[in-house]
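Quick note on labels: first sequence line is chain A, next is B, and so on, each numbered from 1.
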Amino acid sequence: MLDARFVRENIDVLKSALKKRGYEIDLSEFLSLEEDRLRLLKESEELRNKRNVVSEEIGKIKRQGQNANSLVTEMKGVSDRIKEIDEILRAIEEKTNSFLLNIPNIPHESVPAGKDETENVEVRRWGVPREFDFEPLNHWDIAETLDIIDFERGAKIAGARFAVMKGPGARLERALMNFMLDLNTSKGYKEIFPPILVNRGSMTGTGQLPKFSEDLFRTVDPEFYLIPTAEVPVTNIHRDEILREEQLPIYYTAYTPCFRREAGAYGKDTRGLIRQHQFNKVELVKFTKPENSYEELEKLTNDAEDILQKLGLPYRVIVLCTGDMGFSSAKTYDIEVWLPGQQRYREISSCSNFEDFQARRANIRFKREGKKGTEFVHTLNGSGLAIGRTLVAILENYQQKDGTVIVPEALKQYMGVEVIR
RNA sequence: GGAGAGGUGGCCGAGUUGGUCGAAGGCAGCCGCCUGCUAAGCGGUUGUGGGGGUAACACCUCACCCAGGGUUCGAAUCCCUGCCUCUCCGCCA
């Protein structure tokens with residue numbers, strides 16, 4: 001969320017920045033509400049001041065055994081008036097707050113302007129897609145032949161968009177988790193294994209609520225939310241905290257299952273493992289000082305790329321244009337892996353700098369050495385990587401004519417075999 | 001699930017016949033002094049957020065003693081609800 005004061009004082013900056021996102025904003029109601037709010041706030045505070053002073057007076061008078069009835073009556077009136085004002089204030093704040101919660105983040109100046117995903121810009125490519133001397137299969141065909149992913153049983157047990165991983169398929173899933181966590185922790189990321197069910201405050205802190213509830217699974221009694229990404233519990237680790245400057249930057253990596261309703265994706269990627277209600281992911285999360293966050297975004301993206309390089313999977317990096325970026329992000333790189341079965345690049349990681357947008361919602365601050373006051377940290381995160389999609393990429397890129405799949409060099413020690421057959 | 005205890009500042013911990021409490025005291029931190037060094041000692045100082053104010057400080061003011069309501073002229077202190085922690089019993093991986 002943006003800061004109310006910032007919005008009040010930077011109307012034009014905000015308007016033009018959001019226009020680049022294709023987001024027209026009408027601030028007139030907000031501004032007049034803010035005007036009312038500040039006026040009433042002042043009145044309320046002045047009355048409280050009066051009440052504090054006089055109440056103390058009443059105490060003194062009573063201790064002297066004298067009568068203070070007229071003052072008491074007067075203060076009763078003052079208190080009633082304070083209550084009235086506060087009720088109005090609460091109503092106003094509810095409106096302004098929900099208005100602020102629904103404004104997306106301001107894009108960084110380096111983000112290309114554009115209306116949708118067709119205007120994203122490719123930044124670099126790594127690796128050369130392999131030449132096949134046969135027609136490469138889709139991963140679901142490969143998996144069916146090898147009997148390592150069972151979509152029918154997944155549907156029977158749970159429903160559409162669920163799968164059962166079997167034998168070497170399950171092992172590959174586990175191998176990837178371990179491989180990624182080992183690689184990430186070797187670079188200084190601290191391993192975290194957080195709760196998978198979280199409360200409403202955490203979902204609001206990272207921006208999933210109130211705007212995107214339709215994509216979340218929720219338990220009813222008691223109420224919890226199933227995390228759509230480890231970003232939620234891991235970023236919320238430091239919610240409502242004031243960090244010391246020397247603690248920054250903080251690097252976390254976490255494996256978790258992720259749960260998404262995919263409500264807006266009917267008919268998309270219905271076959272295969274690309275879009276599931278439940279999937280595994282290893283996440284990278286950073287908390288940094290504002291002046292370092294863009295440098296840290298580059299490093300974080302590189303760390304995610306390194307996983308693909310070590311697995312020998314060709315990919316490209318694109319920077320999302322203003323119109324395609326997520327709600328909370330100021331700048332996002334997507335990493336897309338080459339899938340021979342689909343003859344195209346598919347998203348496997350999304351690395352974002354949220355600047356202070358999440359930190360303000362989640363109230364994550366830090367204190368500079370020798371300076372008074374606090375500042376919001378910058379938060380970043382990226383997949384490192386989505387396990388299911390990595391598994392898909394391995395099956396498709398390492399498939400052989402006879403239907404078997406070669407295990408990438410880096411995974412052999414985790415798999416125990418050289419070929420999945 | 002049942003019974004009980006409790007949630008106060010960076011930490012520990014007073015305060016529960018409502019008023020002089022943003023909150024004693026201790027520890028830790030910071031700044032001085034003192035001191036061969038260190039330790040000890042002495043003095044001072046140290047929360048967050050909002051509003052106003054300033055060139056910037058200063059300063060003024062409001063709120064915050066888990067959260068949200070309530071009673072009252074006035075609440076850390078009384079009442080209600082929720083959340084969390086601890087102990088005992090039961091159950092369970």
Side-chain angles (χ1 to χ4, degrees), chain A residues 1-10 30-101 193-205 209 218-225 233 236-248 250 257 356 359-377:
Chain A
M1 92 191 275
L2 301 171
D3 179 45
R5 188 179 205 142
F6 172 84
V7 173
R8 287 204 303 266
E9 293 171 1
N10 296 277
F30 173 79
L31 291 173
S32 93
L33 282 173
E34 277 291 281
E35 203 175 297
D36 291 346
R37 186 176 72 84
L38 292 178
R39 200 188 64 242
L40 290 167
L41 189 63
K42 198 171 180 208
E43 187 181 347
S44 167
E45 286 186 357
E46 278 165 2
L47 289 173
R48 277 166 201 272
N49 179 237
K50 183 172 182 185
R51 186 177 70 184
N52 288 346
V53 172
V54 176
S55 289
E56 197 173 312
E57 193 68 23
I58 291 172
K60 277 183 196 157
I61 292 172
K62 287 203 163 176
R63 247 172 289 125
Q64 289 166 7
Q66 292 173 0
N67 185 306
N69 287 353
S70 68
L71 283 177
V72 169
T73 309
E74 191 192 342
M75 284 310 102
K76 197 169 174 57
V78 170
S79 277
D80 288 345
R81 177 62 186 150
I82 291 173
K83 252 177 220 173
E84 265 175 51
I85 294 174
D86 284 354
E87 222 153 280
I88 302 170
L89 273 175
R90 205 181 313 167
I92 291 176
E93 273 164 17
E94 206 169 292
K95 279 187 198 166
T96 55
N97 205 35
S98 92
F99 179 80
L100 290 172
L101 280 173
F193 188 67
I196 311 303
L197 297 177
V198 301
N199 57 33
R200 171 170 285 272
S202 294
M203 283 296 181
T204 308
L209 289 177
R218 179 168 63 93
T219 66
V220 174
D221 186 21
E223 183 183 88
F224 285 113
Y225 292 86
N236 276 288
I237 286 175
H238 295 297
R239 175 152 52 106
D240 293 321
E241 289 185 11
I242 300 173
L243 303 165
R244 284 171 288 113
E245 183 177 14
E246 64 267 26
Q247 286 178 272
L248 300 173
I250 294 172
D356 63 4
R360 182 173 292 108
R361 292 173 82 118
N363 195 27
I364 306 170
R365 293 167 292 168
F366 77 103
K367 201 178 183 68
R368 284 192 200 270
E369 195 68 40
K371 279 206 171 177
K372 56 187 293 188
T374 58
E375 292 174 54
F376 290 109
V377 301

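Looking only at distances, no side-chain donor or acceptor of A:Ser202 sits under 3.5 Å from a matching main-chain atom of A:Pro233. No donor-acceptor pair closer than 3.5 Å links the side chain of A:Arg51 to the backbone N or O of A:Met75. For A:Asn97 (side chain) and A:Leu100 (main-chain N/O), no donor-acceptor pair under 3.5 Å exists by modelled atom type.
Across the protein-nucleic acid pair, A:Arg90 atom CZ and B:G68 atom P stand 10 Å apart, rounded to whole Å. The CD atom of A:Glu223 sits 12 Å away from the P atom of B:C83 (whole-angstrom rounding). The distance from atom CD of A:Glu45 to atom C1' of B:G49 is 11 Å, rounded to the nearest whole Å. In this structure, CG of A:Asp240 is placed 11 Å from P of B:A67, rounded to the nearest angstrom.
For A:Thr374 and B:G49, the shortest distance from a side-chain N or O to OP1 or OP2 is below 4.0 Å. Contact between the side-chain N/O atoms of A:Asn49 and the OP1/OP2 oxygens of B:C62 is found at a separation under 4.0 Å. Contact annotation: A:Arg244 side-chain N/O to B:G10 OP1/OP2 distance is not under 4.0 Å. Side-chain nitrogen and oxygen atoms of A:Arg48 include none within less than 4.0 Å of the OP1 or OP2 phosphate oxygen of B:G51.
Look at A:Glu45 and A:Lys42 and you find no salt bridge, because none of the NZ, NE, NH1 or NH2 atoms lies under 4.0 Å from a carboxylate O.
Pair check for B:C59 finds B:G52; Watson-Crick or G-U wobble, both atom distances under 3.5 Å.
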Below 3.5 Å between N/O atoms, which protein atoms pair up with nucleotides 71-78 of chain B? Just atom names and distances, please.
residue, atom, partner, partner atom, Å
B:U71, OP2, A:Lys83, NZ, 3.2
B:C73, OP2, A:Lys76, NZ, 2.9
B:C73, O4', A:Val72, O, 3.4
B:C73, O3', A:Ser79, OG, 3.3
B:C73, O2', A:Ser55, OG, 3.3
B:C73, N4, A:Lys62, NZ, 3.4
B:G74, OP1, A:Ser79, OG, 2.7
B:G74, O4', A:Ser55, OG, 3.2

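Taking the C1' atom of each, B:C59 and B:G6 are spaced 41 Å apart, rounded to whole Å. Distance check on atom P: B:G13 versus B:G82 gives 28 Å, rounded to whole Å. Using C1' as the reference atom, B:G47 and B:C21 are 15 Å apart when rounded to the nearest Å.
Within 6.0 Å of atom CD in A:Glu94, 12 or fewer heavy atoms from other residues, nucleotides or ligands are found, so the atom counts as exposed in its surroundings.
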